[in-house]
Amino acid sequence: MPVARPETSDARVIAHVDMDCFYVQVEQRKQPELRGLPTAVVQYNEWQGGALIAVSYEARSCGVKRSMRGEEAKAACPEIQLVQVPVARGKADLNTYRSAGSEVVGVVSILAQSGKCERASIDEVYLDLTDAAESMLADAPPESLESIDEEALKSHILGMSREDGDDFKESVRDWICRKDADRRDKLLGCGIIIVAELRKQVLKETEFSCSAGIAHNKARSYLFSKLASGMNKPAQQTVVPYAAVQELLSSLPIKKMKQLGGKLGTSLQTDLGIDTVGDLLQFSETKLQEHYGINTGTWLWNIARGISGEEVQGRLLPKSHGSGKTFPGPRALRSLSNVQHWLNQLSEELYERLSSDLEQNKRIASTLTLHASAFRSKDSDSHKKFPSKSCPLRYGVAKIQEDAFNLFQAALREYMGPFGPKPQGNKKETWRITGLSVSASKIVDIPSGTSSIMRYFQSQTTIPSCSASGFPQEHVAVTPSASESCSEQKSAETLPAMPEEDITVTYTSPDLDNSYRDIDIVLEKDASCQSNEAKEFPTQSGTQTKTIGRKINNSKEKNRGMPSIVDIFKNYNASPQAKEETQEDSTVSLTSNRGNLSSSTNHSSEVNQEVEDRRDTEWGYKVGEIDQSVFDELPYEIQRELRSFLRPNKRPNSGKSKSGDGSASSSIAHYFQPLKR
DNA sequence: ACGGATCCTACG
DNA sequence: TCGTAGGAT
């Protein structure tokens, strides 16, 4: 699973910042009355009071633990406040937490402007503060400061004996300011001050408290930010000096290490008889490689020594979006139309999130994947894996819904295999669906400032046929996108008709205002979705926009079903330098109900300029190289826009000035740009 | 090198 | 527990 990365440079300063019981804090910010009370966030309420997914520190001290049910929590702590995760479309809706998460990432990335910042999860970031720490050491080393921040003095310095009160803070100060310290430790000392300041700012800007680990690499900072915050208290920061690493690891239970909490960790315990990380040291690198393969073996050898060369990626946005739901036990889905109903819900949510991503971050996803889990009762291998399927992603709710359903049916046929779709003349299916999810991946940036492209995709979101005409439509037409790209290419073969119940399925489709309205559609009895004569939605009178994907497919053999514009952007974005600059293009949506921190003003011009600088040299396509038939199929506005992109007016190469005024300041404010309101 | 499918891991 | 994510193979 894990892979080894040799340590590249010696003295990095890496911080892992982790929000304390994040969902609880989000709810407490929304409902300040809850602050200070034992609180937990639960998801669903029906069964045993719902499942706890986040627990406040007050509740933890009452003995409430994550992965208790709501009722257990009430028993352990009668005064606990249980807040429910919002529900939308019949499923948990995590959007409020997601946007609070991007709010945090946005603030952190701005504060850490001088260093790389990586969104590690909804509430965690890694920071590479090496440069900031080095500049501080050069310009304003801690010992030169007249006073050290109180927050910094509260840090835990591992390996340092801990006494209470001022003595403790005094010794922290001494450690930070020690003149004869190892350079690596001095850098960590700077890291302490920087992170303390950053955490204070995050609290001020977002009202969320967080904990942090500061060390020389990701593995160490992660581990100790987790260990420390998991211990007892929120809002802690922990430093791992070089010299303390070995001893701390030596007695650390192996299962506590990231990546070793599961099967691999268990295997180490049982197969090698190991309990602590220190125990791993006895095994030679080759021995570990023999047991666990070359990659995992070397990784283990390294991690036992706290070595990890993994770099902090400058990525502030997620790499995929997914929407899923489980249907445990008796709630398992037993009919195709029920599956379709839920796929429609999930697809709707997914589309909504793709739309925001497009709007806010100018990104488009290009792959749609369907995952499901299932079992077949009353049969030998009742727990065969349900295969995943993917296809090119077409923008538009109805398209995603269609494609998802088609992917599902393809997967189901494969899953059922020889059993065939209709094993007995019985009424009910033999399969049960216990989980469904749709996800969108391979997300690429599109050049900013191309407004017509935005309009193009927006127009794609309207369903021309039914919403305008009001005619009931048979909506399960096969589209080339999903059906052709599914594994079974025997397109000529008529697929076995799936039994379909008479049922009213609610389709929802966005109208022009992006608000949703419901349209009831009665599925035909034999909605043998499977006629492979691709039925196109009747191209609607009013709509200019064409489904470019298909037409292009006809003229261009490869890339079936893939909107060519995605190809173009993909190629564009594949240019070597284009990425890694996620720092600057931090169009992270700072959709806070309080401050509106649009980070753009400062940066966007710079980004645009950069984009323009690369145009001529780094576009994967030159205008003449784009297949004319592809180009012609694009909406006129986009053609025009692309032409202007492809033939840029050359501008003087203004070497991207490293932001920062260069004025040396003795204040740490130098390392942070205060947020402007 | 790349992409689809599968598996594993982690966490609120 | 569920709903999401990321990474390795």
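In what follows, chains carry the letters A, B, and so on, assigned in the order in which the sequence lines appear, proteins first and then strands, with residues in each chain numbered from 1. What's counted below: heavy atoms across the whole structure, side chains too, no hydrogens, waters or symmetry copies.
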A/Lys389 side-chain proximity, nearest of C/dT9, C/dC2, B/dA5: B/dA5
C/dG6 OP1/OP2 closer than 4.0 Å to side-chain N/O of A/Lys258: no
A/Arg305 atom CZ, over 12 foreign heavy atoms within 6.0 Å: yes
Nearest listed nucleotide, side chain of A/Tyr23, among B/dG12, C/dT9, C/dA5: B/dG12
Any A/Lys385 side-chain N or O less than 4.0 Å from OP1/OP2 of B/dA5: no
Interatomic distance where NZ belongs to A/Lys319 and C1' belongs to C/dG7 [whole Å]: 8 Å
Phosphate-side-chain proximity, A/Lys263 and B/dC8, N/O vs OP1/OP2 below 4.0 Å: yes
Atom pair distance, as rounded to whole Å: CG in A/Leu223 and C1' in B/dA10: 14 Å
Pair A/Asp357, A/His321: side-chain N/O donor-acceptor within cut-off below 3.5 Å: yes
Listed nucleotide nearest any side-chain atom of A/Gln259, set B/dG4, C/dT1, B/dT9: B/dT9
A/Tyr97 OH - C/dA5 P separation (whole Å): 14 Å
Nucleic acid contacts - residues 71-80 of chain A versus DNA chain C, non-hydrogen atoms under 4.0 Å: none
N or O in side chain of A/Lys91 less than 4.0 angstrom from C/dT4 OP1/OP2: yes
Nearest to side-chain heavy atoms of A/Arg353, which nucleotide of C/dA5, C/dG3, B/dT6: C/dA5
Any donor-acceptor N or O pair under 3.5 Å, side chains A/Thr266, A/Lys255: yes
Test ring-ring contact (aromatic ring centres under 6.0 Å, His included) applied to A/Trp301 - qualifying residues, sequence neighbours left out: none
Sugar-phosphate, base or nothing in reach of A/Met68, heavy atoms under 4.0 Å: nothing
Between P of C/dC2 and CG of A/Leu346, the distance in whole Å: 15 Å
side-chain N/O A/Arg98 vs C/dT4 OP1/OP2, d < 4.0 Å: yes
Between A/Glu124 and A/Ser121, a side-chain donor and acceptor under 3.5 Å: yes
Sugar-phosphate only, base, or nothing, as touched by A/Ser323 at under 4.0 Å among non-hydrogen atoms: sugar-phosphate
Distance test, side-chain N/O of A/Tyr44 to OP1/OP2 of C/dG3, below 4.0 Å: yes
Of the listed nucleotides B/dG12, B/dA5, C/dA5, the one nearest the side chain of A/Ile53: B/dG12
Nearest-angstrom distance from the residue atom CD of A/Glu414 to C1' of B/dG4: 12 Å
Under-4.0 Å side-chain N/O to phosphate OP1/OP2 contact, A/Ser121 with C/dG6: no
N or O in side chain of A/Thr326 less than 4.0 angstrom from C/dG3 OP1/OP2: yes
Given C/dC2, C/dA5, C/dT4, the nucleotide with the shortest approach to the side chain of A/Gln43: C/dC2
Any residue meeting side chain to side chain contact (heavy atoms under 4.5 Å, CB included) with A/Gln48, in chain and number order, not counting sequence neighbours: A/Arg69, A/Glu71
Closest listed nucleotide, where the reference is the side chain of A/Asn295 and the choices are C/dT4, C/dG6, C/dT9: C/dT9
Sugar-phosphate, base or nothing in reach of A/Arg66, heavy atoms under 4.0 Å: base
For A/Ser225, all residues meeting side chain to side chain contact (heavy atoms under 4.5 Å, CB included), sequence neighbours excluded: A/His16, A/Asp18
Contacts of A/Tyr97 that satisfy ring-ring contact (aromatic ring centres under 6.0 Å, His included) - sequence neighbours left out: A/Tyr23
Any A/Arg89 side-chain N or O less than 4.0 Å from OP1/OP2 of C/dG3: no
Closest-nucleotide ordering on DNA chain C, the 5'-leading residue of A/Phe327 and A/Pro318: A/Phe327
Rounded distance in Å - CD (A/Gln28) to P (B/dG12): 15 Å
Sugar-phosphate, base or nothing in reach of A/Leu52, heavy atoms under 4.0 Å: base
Distance below 4.0 Å between A/Lys442 side-chain N/O and B/dC2 OP1 or OP2: no
Counterpart residues, salt bridge (charged side-chain N to carboxylate O under 4.0 Å, His left out), relative to A/Asp279 (two or more places apart): none
